[in-house]
Protein chains: 4
Amino acid sequence: MKKMKPKYMQIIDAAVVVIAENGYHQAQVSKIAKQAGVADGTIYLYFKNKEDILISLFEEKMGQFVENIEEKIAGKKSAAEKLLMMIETHFQLLSDDHHMAIVTQLELRQSNKELRLKINDVLKGYLQLIDKIIMEGKESGEFSSSLDVRLSRQMIFGTIDEIVTSWVMSEQKFNLRALAPKVHSLLVNGLVNCQ
Amino acid sequence: MKKMKPKYMQIIDAAVVVIAENGYHQAQVSKIAKQAGVADGTIYLYFKNKEDILISLFEEKMGQFVENIEEKIAGKKSAAEKLLMMIETHFQLLSDDHHMAIVTQLELRQSNKELRLKINDVLKGYLQLIDKIIMEGKESGEFSSSLDVRLSRQMIFGTIDEIVTSWVMSEQKFNLRALAPKVHSLLVNGLVNCQ
Amino acid sequence: MKKMKPKYMQIIDAAVVVIAENGYHQAQVSKIAKQAGVADGTIYLYFKNKEDILISLFEEKMGQFVENIEEKIAGKKSAAEKLLMMIETHFQLLSDDHHMAIVTQLELRQSNKELRLKINDVLKGYLQLIDKIIMEGKESGEFSSSLDVRLSRQMIFGTIDEIVTSWVMSEQKFNLRALAPKVHSLLVNGLVNCQ
Amino acid sequence: MKKMKPKYMQIIDAAVVVIAENGYHQAQVSKIAKQAGVADGTIYLYFKNKEDILISLFEEKMGQFVENIEEKIAGKKSAAEKLLMMIETHFQLLSDDHHMAIVTQLELRQSNKELRLKINDVLKGYLQLIDKIIMEGKESGEFSSSLDVRLSRQMIFGTIDEIVTSWVMSEQKFNLRALAPKVHSLLVNGLVNCQ
DNA sequence: GATGAATGAGACTTCATTCAT
DNA sequence: CATGAATGAAGTCTCATTCAT
């Protein structure tokens with residue numbers, strides 16, 4: 001299995017660095033190869049083409065991302081606690097990897113529609129995780145039983161994504177992780193916060 | 001003033017059509033010129049360069065967009081009503097102009113970081129409108145007085161944007177406008193909805 | 001009509017020179033552009049792609065070639081005389097244009113099967129000319145009435161082609177044109193020459 | 001001696017198959033190695049480089065080809081009978097090995113000038129065979145004593161080659177071998193056929 | 001002898017922009 | 001004002017060959 005070979009991840013990690021530091025459109029294959037310490041041609045022993053690097057990058061990193069979050073929320077009982085942990089972990093993981101944050105929030109969005117559709121497929125794992133939390137919350141009575149799961153998920157994901165993007169564009173000048181409780185409260189209680 | 005001349009808007013409208021129908025990366029200047037019924041070189045009498053077309057496009061259209069929404073919410077008294085009207089109008093305006101919806105939600109996001117920063121500047125007018133509603137709601141007591149305006153605005157904008165993007169990607173198969181009340185309720189009451 | 005523009009023929013003529021002097025696989029578009037005195041991109045205003053240059057080259061030159069021969073044999077009465085004139089003109093034209101001789105006999109044959117099929121289409125005009133002479137000869141009684149036209153044409157064309165190729169490969173050290181009568185006699189009388 | 005080792009012919013035979021089925025430009029060394037059931041590197045234990053495979057292929061196969069024909073015509077007394085047998089055997093051998101027919105008539109001609117010059121060297125054995133028949137015919141009085149041997153040989157070879165190529169390009173839809181007598185008659189008697 | 005992972009040079013084509021008319 | 005022919009820079013991928021095992 002090719003993913004076992006060390007050069008596979010070596011090239012993906014190089015791609016993250018190069019894209020983060022040079023931008024999506026300045027991330028030439030030759031630059032990635034150089035950063036990875038391999039010859040240009042070697043890239044093509046592990047990836048079909050340039051697009052395949054980007055999709056694989058997203059698959060690997062998003063896979064780890066979702067796994068990480070799943071582990072973290074596994075210990076939490078309530079849906080609200082799971083949601084908080086999810087937001088915290090999401091913020092934490094991106095805070096810990098500035099390169100990856102730039103790549104996912106800014107650079108990879110410049111890819112063409114086709115690639116973005118494939119990226120969306122990978123994203124589905126994360127969205128389903130959110131859906132599961134929402135449904136648990138509805139069943140346990142923590143969340144309103146009349147919630148539209150799809151819209152709720154879009155609110156949660158859209159909010160988190162907007163905040164992270166804004167953080168990245170501000171050049172990560174503030175502590176993202178620290179925002180998690182307030183964001184959680186906003187999502188759970190809404191603008192009114194009748195408590 | 002250039003903007004008064006008929007060819008200025010003619011070219012911008014052509015750009016919307018060409019980008020919507022061909023995609024961002026297939027929207028060559030020559031195609032826009034052809035669609036606008038002018039020569040390639042004529043474009044450069046009205047715009048500094050290609051990027052300038054896109055920024056101007058966004059300025060013009062986003063200006064109209066914000067004006068439209070401002071007019072609509074002017075008659076509303078409460079912040080909650082204004083928010084609902086804003087969401088409804090946002091959804092309505094994009095439903096009425098599929099080309100523009102595709103351009104703003106999908107295609108223009110493929111532009112490079114530099115252009116996106118300029119687009120964000122244009123977007124500020126809209127974001128300030130949201131901020132104003134939130135602050136009004138806080139002052140009137142409709143919304144929690146402890147709201148973080150910035151985060152709240154990011155929640156509102158992030159949610160709306162995510163929903164619209166999802167609607168565009170689904171090829172606009174469902175009635176976007178009809179979602180407005182549920183989206184409004186979600187934002188105002190949160191997942192808990194303690195009412 | 002693009003063929004009217006001077007640069008069209010200018011590029012084709014440049015291609016003949018570059019291919020003849022550098023060989024088919026060393027005839028890069030940039031070399032052809034330089035030889036033609038235009039920018040690389042200009043080539044693509046007149047030709048779809050590199051292959052299109054080569055097909056057009058063959059069309060234009062072979063068109064002239066067949067026209068030339070047709071004019072020359074028009075004045076001849078008998079089929080035998082026409083055949084002789086055809087061979088003489090064929091030899092003469094290639095003797096007069098060494099570059100073209102190299103291109104058609106050696107270089108263009110290195111092209112891939114697809115391109116060669118298109119070239120064969122262009123060649124058909126010439127083959128039909130030969131067929132016409134053979135049929136005239138059969139009708140007039142000059143040639144055997146039992147001739148298979150297709151095989152006869154293949155003998156005539158195969159023979160001429162083999163001789164010209166051999167002349168080109170020998171670096172055109174001998175007088176090709178002078179061979180015409182002997183070749184004509186061979187084709188007409190065969191190895192036996194019972195006269 | 002390398003040629004004695006089984007892998008030598010194994011690789012050559014693999015090359016014929018790969019070139020015939022994929023075309024000259026799609027016949028990568030790795031494909032030939034795979035078809036031969038050896039590693040890429042193994043090729044270079046038996047051949048200096050890729051070109052060496054092709055020349056060796058031609059040498060081996062053309063050697064057999066000429067040997068075959070020589071045996072067949074050995075029993076024939078007259079030059080005319082020898083010529084007929086030569087044509088028949090030539091047609092027969094290629095009819096019997098479609099792969100080889102494609103390789104020699106179409107694919108190997110796409111090789112560069114240098115390789116084609118080397119192939120021509122190999123071909124000389126065959127051309128000398130034809131020369132010998134012509135000279136015998138001249139001496140015995142069967143053929144015209146004024147024949148130019150070189151031109152005659154070019155007619156014979158050019159004709160046969162053109163007919164075989166045409167047969168291969170027509171995807172071998174008709175019986176090539178059956179044409180031999182007519183081709184022979186054409187060559188011997190010419191277009192006039194005064195008998 | 002046999003393997004196969006790694007190498008790295010090289011070229012076609014697109015398209016934003018200019019400027020002579 | 002308007003035109004549109006001309007420009008030229010820049011990047012992905014292939015594949016023959018090598019060499020450490």
Side-chain angles (χ1 to χ4, degrees), chain A residues 2 5-8 10-11 22 25-34 36-53, chain B residues 2 5-7 11 25-34 36-54, chain C residues 2 5-8 10-11 25-34 36-53, chain D residues 2 5-8 11 25-34 36-54:
Chain A
K2 72 175 177 187
K5 308 208 178 163
K7 292 205 175 155
Y8 176 80
Q10 195 173 322
I11 291 165
N22 300 275
H25 289 294
Q26 280 308 304
Q28 294 89 346
V29 172
S30 60
K31 254 182 210 155
I32 297 174
K34 199 171 184 183
V38 300
D40 292 17
T42 306
I43 300 267
Y44 293 87
L45 297 176
Y46 295 91
F47 301 91
K48 251 197 342 274
N49 49 37
K50 188 180 176 182
E51 185 177 82
D52 191 30
I53 307 177
Chain B
K2 281 179 185 170
K5 310 221 174 153
K7 287 196 181 165
I11 291 166
H25 289 294
Q26 281 306 305
Q28 294 86 351
V29 171
S30 62
K31 247 183 215 158
I32 296 173
K34 199 172 182 182
V38 300
D40 293 17
T42 305
I43 299 267
Y44 291 86
L45 298 176
Y46 294 90
F47 300 91
K48 243 190 3 264
N49 51 34
K50 188 180 178 182
E51 188 176 80
D52 190 30
I53 307 176
L54 303 176
Chain C
K2 72 178 182 187
K5 307 208 178 165
K7 293 206 173 153
Y8 177 81
Q10 196 172 322
I11 291 166
H25 289 293
Q26 280 307 304
Q28 295 88 348
V29 171
S30 60
K31 252 183 213 156
I32 296 173
K34 199 170 182 183
V38 299
D40 292 18
T42 305
I43 300 267
Y44 292 87
L45 297 177
Y46 296 90
F47 301 91
K48 250 197 344 274
N49 49 37
K50 188 179 177 182
E51 186 178 80
D52 190 30
I53 306 176
Chain D
K2 281 178 184 170
K5 309 222 174 149
K7 289 196 179 164
Y8 175 81
I11 291 166
H25 289 293
Q26 281 307 305
Q28 294 87 350
V29 172
S30 62
K31 243 182 217 160
I32 295 173
K34 199 172 184 183
V38 300
D40 293 15
T42 306
I43 299 267
Y44 291 86
L45 299 174
Y46 294 90
F47 300 90
K48 242 191 1 265
N49 49 34
K50 188 180 178 183
E51 186 176 83
D52 190 31
I53 307 176
L54 303 177

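Here is the naming used below: chain letters follow the sequence lines, and residue numbers restart at 1 for every chain. What you see is a predicted model, and the numbers here were worked out from it, not measured in a lab.
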Opposite nucleotide pairing with E:dC15, Watson-Crick or G-U, both atom distances under 3.5 Å = F:dG8

Whether D:K31 side chain and D:Q26 backbone form a donor-acceptor pair below 3.5 Å = yes

request  = Please state whether the phosphate of E:dG1, meaning OP1 or OP2, lies under 4.0 angstrom from any side-chain nitrogen or oxygen of D:K7.
outcome  = no

task = For B:A27 and for A:G37, find the nucleotide of DNA chain E with the closest heavy atom, then tell me which residue's nucleotide is more 5'.
result = A:G37

task = Can you tell me the distance, in whole Å, between the CZ atom of D:F47 and the P atom of E:dA2?
result = 13 Å

message = Return the pairing partner of F:dT3 with a 3.5 Å limit on both distances, Watson-Crick or G-U wobble; otherwise return none.
response = E:dA20

inquiry  = I need the CG-P distance between C:L45 and E:dT18, as an integer number of Å.
reply    = 18 Å

ask   = How is A:V29 classified with respect to the nucleic acid when contacts are heavy atoms under 4.0 Å: base, sugar-phosphate, or nothing?
value = sugar-phosphate

ask   = Within this structure, what is the CD1-to-P distance between B:I43 and E:dA16, rounded to whole angstrom?
value = 10 Å

inquiry  = How long is the straight-line distance from CD1 of B:I11 back to CG of B:L45, given to the nearest 0.5 Å?
reply    = 8.0 Å

inquiry  = Using 0.5 Å steps for rounding, measure from the CD1 atom of D:I53 to the CD1 atom of D:I32.
reply    = 4.5 Å

task = Let me know the distance between NZ of C:K31 and P of F:dG8, rounded to the nearest Å.
result = 20 Å

ask   = How far does CG of D:D40 sit from OH of D:Y44, to the nearest 0.5 angstrom?
value = 8.0 Å

note = On DNA chain E, more 5' by nearest nucleotide between B:G41 and C:Y44 is C:Y44

ask   = Taking OP1 and OP2 of E:dA5, is either one under 4.0 Å from a side-chain nitrogen or oxygen of A:Y46?
value = no

Separation of E:dT14 P from A:H25 NE2 (nearest whole Å) = 18 Å

query = Between D:F47 and D:Y8, what is the ring plane arrangement, given parallel below 30°, perpendicular above 60°, and tilted in between?
reply = parallel

Interatomic distance where CD1 belongs to C:I32 and P belongs to E:dT13 [whole Å] = 11 Å

note = The residue, D:Q26 or A:S30, whose nearest nucleotide of DNA chain F is more 5′ is A:S30

inquiry  = What is the separation between atom CD1 on C:I53 and atom C1' on E:dT13, rounded to the nearest whole Å?
reply    = 11 Å

request  = Specify the separation, in whole Å, of atom NZ of B:K50 and atom C1' of E:dT17.
outcome  = 12 Å

remark   = Between A:Q28 and D:D40, whichever has its closest DNA chain F nucleotide further toward 5' is A:Q28

